[in-house]
A.B. asks: 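Have a look at the structure that comes next, please.
The structure displayed is predicted, hence computed values, not measured ones. Quick note on labels: first sequence line is chain A, next is B, and so on, each numbered from 1.
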2 protein chains.
Amino acid sequence: MIRKTKVQIRSLDVARLAGVSRSAVSRTYTTGAYVSEETRQKVLSAAEMLGYAPNALARSLITKRTGIVGIVSTDLDNPFYAALLQQLGTALQDAGLAPLLLFGDENSTDQQITQMMSYRVDALAMTNATLSSRMAARFAASDKPIVAINRYLAQEEITSITCDNADGAAKVVDHLVEIGCRKIAFVAGHPDASSSRDRESGFLRQMAQHGLSPTLIAVGDYTHYGGAEAARRILGAGKTPDAIACANDLMAFGVMDVARNTFGINIPGQLKVTGFDNSSLADWPSHALTSVDQNVAKMVQLAVALILAGITGTPQATPSHLQISSRLVLRASTIG
Amino acid sequence: MIRKTKVQIRSLDVARLAGVSRSAVSRTYTTGAYVSEETRQKVLSAAEMLGYAPNALARSLITKRTGIVGIVSTDLDNPFYAALLQQLGTALQDAGLAPLLLFGDENSTDQQITQMMSYRVDALAMTNATLSSRMAARFAASDKPIVAINRYLAQEEITSITCDNADGAAKVVDHLVEIGCRKIAFVAGHPDASSSRDRESGFLRQMAQHGLSPTLIAVGDYTHYGGAEAARRILGAGKTPDAIACANDLMAFGVMDVARNTFGINIPGQLKVTGFDNSSLADWPSHALTSVDQNVAKMVQLAVALILAGITGTPQATPSHLQISSRLVLRASTIG
DNA sequence: CAATATGCTGCACACATGTGCAGAGTGGAA
DNA sequence: TTCCACTCTGCACATGTGTGCAGCATATTG
């Protein structure tokens with residue numbers, strides 16, 4: 001059996017084969033460095049022959065840049081986060097950066113951050129996570145950009161990007177009231193998440209604006225199962241509402257499933273249901289869910305711009321909380 | 001305004017503060033190296049004070065191990081791939097490895113591989129991708145494990161893990177025939193994907209086994225939209241089938257949407273529909289889709305075991321095509 | 001032709017770390 | 001005391017790369 005060659009190909013090997021110095025090889029792969037077209041070609045063909053690719057890790061020792069961006073993500077059961085991750089990853093990739101992906105729940109996030117730091121990521125994007133203040137301070141001290149997407153954290157050092165969650169929820173209330181609903185229940189997400197709190201407070205505020213108070217508030221934990229459970233509690237409680245507003249789409253799907261299948265309720269005839277996220281599933285005829293669009297593309301664009309600015313050393317703007325305007329998308333779950 | 005300190009903290013800084021040599025610091029972070037408990041504690045408290053984390057990149061220069069595993073993934077619109085990515089990522093994380101994520105379509109994969117190679121990933125997992133043979137050979141030459149998940153590639157150097165796609169499709173046919181279906185149509189996925197070809201051939205073989213030939217075969221490109229389009233073609237073609245078997249769940253959802261909403265067909269009364277993947281959505285009451293379970297957990301477990309074995313230098317088993325047995329899960333889309 | 005400018009190359013150092021090896025220090029036994 | 005075994009430490013080299021600087025060859029100008 002033939003033993004494969006395990007030896008790593010270095011720039012020196014390429015240099016020897018091409019008959020030039022190692023510096024020439026390095027400069028060939030560095031944009032904007034002095035190399036004559038002739039040696040450049042010699043280098044490239046030698047590299048091709050040997051299957052050489054510059055060692056990005058060794059390079060990072062010198063340049064202080066790894067080109068790696070850490071992403072700490074929640075689980076992808078929620079199609080909204082799957083879409084977010086994909087768009088974010090693609091955008092970073094297009095900017096020449098590579099995402100290092102770690103999944104973290106509330107308890108393990110500090111550990112993931114440590115790992116990210118040991119890989120010297122150029123920036124950090126978080127789509128989940130309550131972050132301990134010790135870690136936040138430590139990462140912020142490294143002067144690298146860190147951005148929280150779709151939720152904001154307690155730490156002031158961290159820039160966050162969310163949609164105007166309260167406003168979005170208010171739009172939902174306005175719409176429901178306009179089409180005649182008065183007894184409106186609310187299904188909240190995870191109590192720790194800022195997005196859930198903001199959507200709930202926006203809901204309540206706008207209800208009060210209309211002189212209404214919520215029929216019932218249940219917690220659905222942002223999952224399909226939790227939404228279904230919440231629906232059982234709400235619809236089984238006697239005073240049936242004429243609308244249920246949910247803090248995300250996934251729970252709304254659970255609510256509709258239970259309303260239709262367990263309680264035999266017609267949607268939107270007897271009950272209107274709304275979601276939040278406008279995930280691609282909301283547009284399927286089987287769901288046709290009225291939902292609030294968060295404009296993921298804009299969120300991602302903003303996040304990447306922020307990260308790039310931070311990496312290229314543009315003077316760090318003071319950390320802030322950026323809000324993107326949301327948009328209510330009407331579908332058959334509220335309008336017949 | 002206070003200028004943040006941009007200086008990187010090195011092991012030397014920790015060593016000085018702790019009053020030991022740099023080697024002692026290094027050994028503190030290396031499992032199974034001689035350090036007295038006393039100096040270990042001195043080092044750890046000094047590190048904590050400075051916020052030090054060893055530079056994993058510099059370390060990799062010496063150890064020849066990065067701890068990074070490349071994942072080349074398709075887009076995550078398909079919830080099956082989202083679940084696969086999450087489970088794979090988590091499993092790698094638990095094994096002390098960090099996934100570097102790149103999204104690649106058929107055309108760009110070679111470029112992603114080059115990038116992965118320049119980051120010196122310890123292993124490569126691909127969930128998509130037709131890979132050029134030049135790239136396959138190049139990566140295989142580096143003697144690092146590479147595994148294709150959920151599809152196999154033309155190159156023999158690459159181990160692949162799939163479920164027994166043909167068998168799964170055959171089980172679908174058996175089930176449909178058993179409950180009385182005779183006029184069965186098939187919606188294929190993407191013609192380039194081995195999974196689609198295998199499922200189709202398994203379907204056809206088992207149909208022949210029962211003395212049947214398919215009513216119609218349409219291509220749905222593995223998307224919800226494609227499935228919906230395929231359903232329009234099939235159901236609009238006059239000779240309406242009594243069952244439509246789909247090469248994945250996403251297309252089946254599209255088929256059901258169109259059948260119910262556009263053609264007013266009752267499922268499963270007038271038409272049975274089956275999927276493939278058993279994604280979490282299939283279990284929702286709104287879909288209740290009979291589907292083939294691929295056993296993602298097992299696929300991931302196998303993939304990670306293979307990767308770990310390859311990394312730790314266990315003599316590389318000859319590349320092969322591993323198959324996992326699938327399981328048909330019955331739901332209301334076929335049984336009333 | 002001389003003087004200067006231009007385009008390019010190679011040397012040598014720096015980056016942050018792991019590890020083999022020699023040797024220092026300690027304790028115990030003869 | 002002397003010798004040996006044992007546990008640990010620090011020196012120094014290696015890993016693969018980017019880049020400032022000096023210098024070489026060639027082109028341009030006076």
A.B. asks: Give the rounded distance in Å between these two atoms: CZ of B/R40 and P of D/dT7.
C.D. replies: 17 Å

A.B. asks: Expressed as a whole number of angstroms, how long is the span from A/R65:CZ to C/dC15:P?
C.D. replies: 18 Å

A.B. asks: How many whole angstroms separate atom CZ of A/R27 from atom P of C/dG7?
C.D. replies: 15 Å

A.B. asks: Pairs in or reaching into residues 96-122 of chain A: which pass ring pair (Phe, Tyr, Trp, His ring centres under 6.0 Å), with residues at least two apart or in two chains?
C.D. replies: none

A.B. asks: How large an angle, rounded to 10°, do the end axes of the helix from C/dC1-D/dG30 to C/dA30-D/dT1 enclose when each is built from five base pairs?
C.D. replies: 50°

A.B. asks: Show me the pairs that pass ring pair (Phe, Tyr, Trp, His ring centres under 6.0 Å) and involve residues 46-71 of chain A, at least two apart or across chains.
C.D. replies: A/Y29-A/Y52

A.B. asks: How about B/Q87 and B/M299: do any of their side-chain heavy atoms sit closer than 4.5 Å?
C.D. replies: no

A.B. asks: Would you classify B/V35 as touching base, sugar-phosphate or nothing, given that sugar-phosphate means primed atoms plus P, OP1 and OP2, and contacts are heavy atoms under 4.0 Å?
C.D. replies: sugar-phosphate

A.B. asks: How long is the gap from CG on B/L44 to OG1 on B/T39, to the nearest 0.5 Å?
C.D. replies: 9.5 Å

A.B. asks: Quick one: list whatever passes side-chain contact (heavy atoms from CB on, under 4.5 Å) with B/S195, sequence neighbours left out.
C.D. replies: B/N165, B/A193, B/R199, B/Y222

A.B. asks: How long is the span from the CD atom in A/Q86 to the CG atom in B/L76, to the nearest 0.5 Å?
C.D. replies: 5.0 Å

A.B. asks: Whole angstroms only, please: what is the CZ-C1' distance between A/R16 and C/dG10?
C.D. replies: 15 Å

A.B. asks: Taking any heavy-atom pair under 4.0 Å as a contact, classify B/S60: base, sugar-phosphate, or nothing.
C.D. replies: nothing

A.B. asks: Could you check how far OH of A/Y29 sits from P of D/dT19, rounded to whole Å?
C.D. replies: 16 Å

A.B. asks: Say whether, by atom type as modelled, one donor and one acceptor occur between the side chain of B/R120 and the main chain of B/M117 under 3.5 angstrom.
C.D. replies: yes

A.B. asks: Report, one pair per line, the protein and nucleotides 12-17 of chain D atoms (nitrogen or oxygen only) whose separation is under 3.5 Å.
C.D. replies:
{"unit_1": "D/dT15", "atom_1": "O3'", "unit_2": "B/K64", "atom_2": "NZ", "d": "3.0"}
{"unit_1": "D/dG16", "atom_1": "OP1", "unit_2": "B/K64", "atom_2": "NZ", "d": "3.0"}
{"unit_1": "D/dT17", "atom_1": "OP1", "unit_2": "A/Y52", "atom_2": "OH", "d": "2.9"}
{"unit_1": "D/dT17", "atom_1": "OP1", "unit_2": "A/N55", "atom_2": "N", "d": "3.0"}
{"unit_1": "D/dT17", "atom_1": "OP2", "unit_2": "A/S11", "atom_2": "N", "d": "2.5"}
{"unit_1": "D/dT17", "atom_1": "OP2", "unit_2": "A/S11", "atom_2": "OG", "d": "3.2"}

A.B. asks: Can you find a side chain N or O atom of B/S36 that sits less than 4.0 Å from OP1 or OP2 on D/dT9?
C.D. replies: yes

A.B. asks: Knowing that exactly one of B/V304, B/V147, B/I307, B/V121 qualifies, which makes a side-chain contact (heavy atoms from CB on, under 4.5 Å) with B/V69?
C.D. replies: B/I307

A.B. asks: Among all residues two or more places apart in sequence or in another chain, which pass the side-chain contact (heavy atoms from CB on, under 4.5 Å) test with A/L50?
C.D. replies: A/I9, A/D13, A/V14, A/L17

